[in-house]
K.L.:
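Sharing a structure here in structure tokens format.
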Amino acid sequence: MEQPIRFGIMGCAAIARKLSRAIKLSSNATIVAVGSRSPDKADGFIKDNGLPENTKVHASYESLLDDPDVDAVYVPLPTSLHLQWAVAAAVKGKHILLEKPAALCVADLDQILDACEANNVQFMDGTVWMHHPRAAKMHDLIQDPHLFGQLKMVNSIASFHAKPEFLHDNIRVRPNLDGLGALGDLGWYCIRFILWTADYELPRTAVAFPNPVKNEAGVLLSCGASLHWENGTVATFHCSFLAHRTFQATAVGSKGTLTLSDFVNPLEEKSAGFIFASQSGFKELITGWKPLPSNHVIPTEIPQEACMISEFSRLVGDIRDGGAKPEKKWASISRKNQVVMDAVRDSIDKGFKPVQIVG
Ligand SMILES: *[C@@H]1O[C@H](CO)[C@@H](O)[C@H](O)[C@H]1NC(C)=O
Ligand SMILES: *[C@@H]1O[C@H](CO)[C@@H](O)[C@H](O)[C@H]1NC(C)=O
């Protein structure tokens, strides 16, 4: 790579602080500009996050997108603004790292992805956990027919117990900003885990669980669903702003079981674990299992956010410096995630009836 990928950050959202640190830790990326409608906020953001003093401040997102020194933008804006600003970024030829959930619905996401394709820009959403080296290691195991067999059941839970102020005031529960609530913020991760275990084969049907909890504005605070493939493989997930912090995921194959309790955010930064069992049985007569499940610990030199930045920057570098085409895999995975999320929301709206999932 001739020079690092030059990032512009759109807005100064809290999540942008974490990504700014990740960009600083990634050797092939650098932050050159921040766009904010409040330049004071942007100045504060630059100081608080130890960004270089020559980081440019743009007083509007338009001006950030017009900056010829910006290769790529990180878009942590509320979901309802993704369509407008991701399309605008693509039209200006900026590669896009878009926070999740990618869009309010698949029709919006398609407009974003079409704009990316038409302008030859790389798209990736901010589902960070997939970029931890742990994910690659787990993937090897569950794809192994001898160790894992065929996928039969998946369950995933993503929750945290939000403070009362959060439940009616936070961006993530305001109908005009992040109208998908817990489904968009947390359910997105659960659905991604499920799709990842099924090698992105879309389930056929989604059925939402009855009685989801909503706030006074009608935004989902807690919900769940089951997802069904035609061959009988089934997945369930629960996402909630009302339950203790839990990021549990289990995939059960015919011959093996993968389980981890911190799939979205590892318990620690420098390594992450999971448990894998294969061909488990009971000991004879005495209580016990054999073989015992194995505990895997996967170290990482840089935090998972920086792994994501490095991968994104590698792809952008190949396009910018090597004339490569954008990697379509990331758009395709994002779209499937969105299609399943839309089906779950439809099922909730239709009184928990089964909804066909159409890719
Ligand atoms: C990007 O950075 C990573 C380490 O952070 C390094 O391994 C990789 O070679 C770099 N890629 C390019 C294209 O410079
Ligand atoms: C059923 O379909 C899922 C999703 O495509 C696949 O992962 C799994 O291996 C299939 N199971 C069997 C028994 O064929």
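Note that ligands are numbered from 1 as they come in the structure, with each ligand's atoms numbered from 1 the same way. The analysis underlying the following values was restricted to heavy atoms, covering all of them including side chains, and did not include hydrogens, waters or symmetry mates.
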K.L.:
Hey, are Asn49 and Ser20 close enough side-chain-wise for a donor-acceptor pair under 3.5 Å?
P.N.:
no
K.L.:
Would you list the pairs meeting salt bridge (Lys or Arg N to Asp or Glu O under 4.0 Å) in which at least one residue belongs to residues 290-307, sequence neighbours left out?
P.N.:
Lys18-Glu305
K.L.:
Assert yes or no for the condition that the ring centre distance of His238 to Phe209 is strictly below 6.0 Å.
P.N.:
yes
K.L.:
Could you pull out all residues at least two apart from Lys329 that satisfy salt bridge (charged side-chain N to carboxylate O under 4.0 Å, His left out)?
P.N.:
none
K.L.:
Could you give all pairs that pass the side-chain hydrogen bond (donor to acceptor under 3.5 Å, both in side chains) test and reach residues 344-359, with sequence neighbours left out?
P.N.:
none
K.L.:
Under a 4.0 Å heavy-atom cut-off, which residues neighbour ligand 2?
P.N.:
Gln150, Leu151, Lys152, Glu201, Trp229, Asn231, Thr233
K.L.:
For Phe312 together with Tyr74, are the ring centres under 6.0 Å from each other?
P.N.:
no
